[in-house]
Asks: 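Below: one structure in structure tokens.
A quick note: this is a predicted structure, and the numbers were derived from the prediction, not measured. Convention: sequence-line order gives letters A, B, ...; per-chain numbering from 1.
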There are 2 protein chains.
Amino acid sequence: MSESCKTYHECCLYFTANSLARQINEMAEDAFKITGLAPSYAHLMLLLIEEPGLSQNILSKRMNLKASTMTRFIDKLMQKGYVERVQEGRSVYIYPTENGKNLKKSINQALSILFDNYCEVMGEEFAVKLTEDIHKANTILKE
Amino acid sequence: MSESCKTYHECCLYFTANSLARQINEMAEDAFKITGLAPSYAHLMLLLIEEPGLSQNILSKRMNLKASTMTRFIDKLMQKGYVERVQEGRSVYIYPTENGKNLKKSINQALSILFDNYCEVMGEEFAVKLTEDIHKANTILKE
DNA sequence: GCACAACATTTGTATGTGCAACTAATATTA
DNA sequence: TAATATTAGTTGCACATACAAATGTTGTGC
């Protein structure tokens with residue numbers, strides 16, 4: 001462990017990463033209210049709008065979620081009429097509907113609001129750098 | 001948004017932070033098996049061993065969890081005989097039992113294993129720096 | 001071409017977590 | 001001091017998420 005750490009809570013990536021996720025989730029839920037979707041569903045819709053026809057398998061890998069969780073996410077988005085499933089063999093490919101595609105604008109708006117909100121408290125430079133580093137860590141951890 | 005970002009998924013702190021939390025949780029669950037506790041319970045026990053007698057309110061603030069979640073965590077830890085509640089007025093103070101205190105060694109061991117594991121993939125320097133930055137972000141976000 | 005392995009998805013179940021409404025204790029204030 | 005507001009904790013409910021087992025599909029070796 002790093003000698004400069006006062007407590008384990010500050011120097012364990014597990015503790016700090018979870019804490020950050022909970023705090024930023026709170027901000028995100030707020031910002032994404034205008035889309036009518038929870039932030040994680042909005043994230044998924046964005047992936048699908050950018051690249052329609054991804055399989056559930058790929059989607060779960062992209063979002064670091066388990067396949068079973070993805071099934072349930074897609075169920076919800078189908079209920080709302082934002083996506084449709086196309087089964088081919090053992091894979092299921094997901095396409096956004098017209099209504100789904102129309103979400104793009106408000107999702108981007110929400111992202112922008114969220115970004116402004118956390119930059120306001122953390123400073124843009126630090127926020128951008130932190131996000132890049134976390135992204136880098138994610139990439140490494142995925143092997 | 002930062003111009004250097006290829007996709008929103010890489011430059012939104014919400015997306016990246018959640019992804020990291022899920023990945024590191026997976027590693028942590030593994031490492032903490034030797035303690036017989038889920039990582040978050042271990043975290044809580046560590047706080048209590050270091051500072052016995054914290055109120056549930058304080059505990060939930062320290063861990064960035066809601067009070068209701070803390071009630072349930074403490075319920076579980078009581079069932080296992082690791083902590084006891086002492087009500088005083090409207091506050092409830094939590095103390096580790098002897099059995100609870102005895103967890104300290106294996107929790108520290110698990111922390112050490114976890115640390116080694118993520119350092120092995122990410123490199124120690126990067127991991128320590130990242131953890132510090134995330135901790136800094138947490139502190140700022142708590143206001 | 002059949003038996004079996006590998007893979008994608010689904011479903012049942014369990015746990016973590018939050019919100020809103022509730023209870024109980026304390027503080028404020030008229 | 002009675003009435004009201006604030007605070008700490010609990011409980012009922014909802015949802016996110018994982019794991020394990022089940023289902024259905026494709027590929028492989030014989």
Asks: Please say yes or no: joined through hydrophobic side-chain contacts below 4.5 Å, possibly via intermediate residues, are A:Tyr93 and A:Tyr82 part of one cluster?
Replies: no
Asks: Considering only side-chain heavy atoms of A:Ala67, which listed nucleotide, C:dT10, C:dT17, C:dA8, is closest?
Replies: C:dT10
Asks: Separation of A:Asn25 atom CG from C:dG18 atom C1', in whole Å?
Replies: 11 Å
Asks: Hydrophobic cluster membership, with links at side-chain heavy-atom distances under 4.5 Å among I/L/V/M/F/W/Y: are B:Tyr95 and B:Ile107 in one?
Replies: no
Asks: In whole angstrom, what separates A:Leu54's CG from C:dA8's C1'?
Replies: 15 Å
Asks: Which two nucleotides bound the region of DNA chain D that has atoms under 4.0 Å from heavy atoms of chain B, read 5' to 3'?
Replies: D:dT6 to D:dA18
Asks: Before you tell me yes or no, could you show the steps for A:Met45 and A:Val83 under side chain to side chain contact (heavy atoms under 4.5 Å, CB included), namely the whole-Å CA-CA distance, both residues' side-chain angles and the distance that decides it to 0.1 Å?
Replies: CA-CA 8 Å; A:Met45 283 308 304; A:Val83 301; 3.6 Å; yes
Asks: Under 3.5 Å, which donor-acceptor pairs do the side chains of residues 67-77 of chain A form with other protein atoms, sequence neighbours left out?
Replies:
{"residue": "A:Thr71", "atom": "OG1", "partner": "A:Gln56", "partner atom": "NE2", "Å": "3.4"}
{"residue": "A:Thr71", "atom": "OG1", "partner": "A:Ala67", "partner atom": "O", "Å": "3.3"}
{"residue": "A:Asp75", "atom": "OD1", "partner": "A:Arg85", "partner atom": "NH1", "Å": "3.0"}
{"residue": "A:Asp75", "atom": "OD1", "partner": "A:Arg85", "partner atom": "NH2", "Å": "3.0"}

Asks: Considering only C:dA25, C:dG18, C:dT13, which nucleotide approaches the side chain of B:Thr69 most closely?
Replies: C:dG18
Asks: Return the value, rounded to whole Å, for the distance between atom CG of A:Leu59 and atom P of C:dA8.
Replies: 13 Å
Asks: Taking the nucleotide of DNA chain D with the closest heavy atom to each, which residue, A:Arg90 or A:Tyr41, is nearer the 5' end?
Replies: A:Tyr41
Asks: Once you round it to whole Å, what is the distance between C1' of C:dC19 and NZ of A:Lys33?
Replies: 11 Å
Asks: Checking side chain to side chain donor-acceptor pair (under 3.5 Å) against B:Asp133, which of B:His135, B:Lys136, B:Lys129 comes through?
Replies: B:Lys129
Asks: Name the nucleic acid region contacted by B:Arg22, choosing base, sugar-phosphate or nothing; use a 4.0 angstrom heavy-atom cut-off, strictly under.
Replies: sugar-phosphate
Asks: Assess whether one donor atom and one acceptor atom, taken from the side chain of A:Ser91 and the base of C:dC7, lie less than 3.5 Å apart.
Replies: no
Asks: How close or far is atom C1' of C:dA24 from atom CD of B:Gln56, stated in whole angstroms?
Replies: 14 Å
Asks: Determine, using the 4.5 Å side-chain heavy-atom cutoff (strictly less than), whether B:Ile34 and B:Leu114 are members of one ILVMFWY cluster.
Replies: no
Asks: Does any residue of residues 74-87 of chain A have a heavy atom under 4.0 Å from DNA chain C, and if so, which ones, in number order?
Replies: A:Arg85
Asks: Using the rule that two of Ile, Leu, Val, Met, Phe, Trp, Tyr join whenever any of their side-chain heavy atoms come within less than 4.5 Å, decide whether A:Val121 and A:Phe126 are in one cluster.
Replies: yes
Asks: Take the protein atom CE of A:Met27 and the nucleotide atom C1' of C:dG18, then report the distance between them rounded to whole Å.
Replies: 18 Å
Asks: Using whole Å, report how far CZ of A:Phe73 lies from C1' of C:dT9.
Replies: 16 Å
Asks: Is it the case that one hydrophobic cluster holds both A:Phe32 and B:Leu141, taking links as side-chain heavy atoms less than 4.5 Å apart, direct or via other members?
Replies: yes
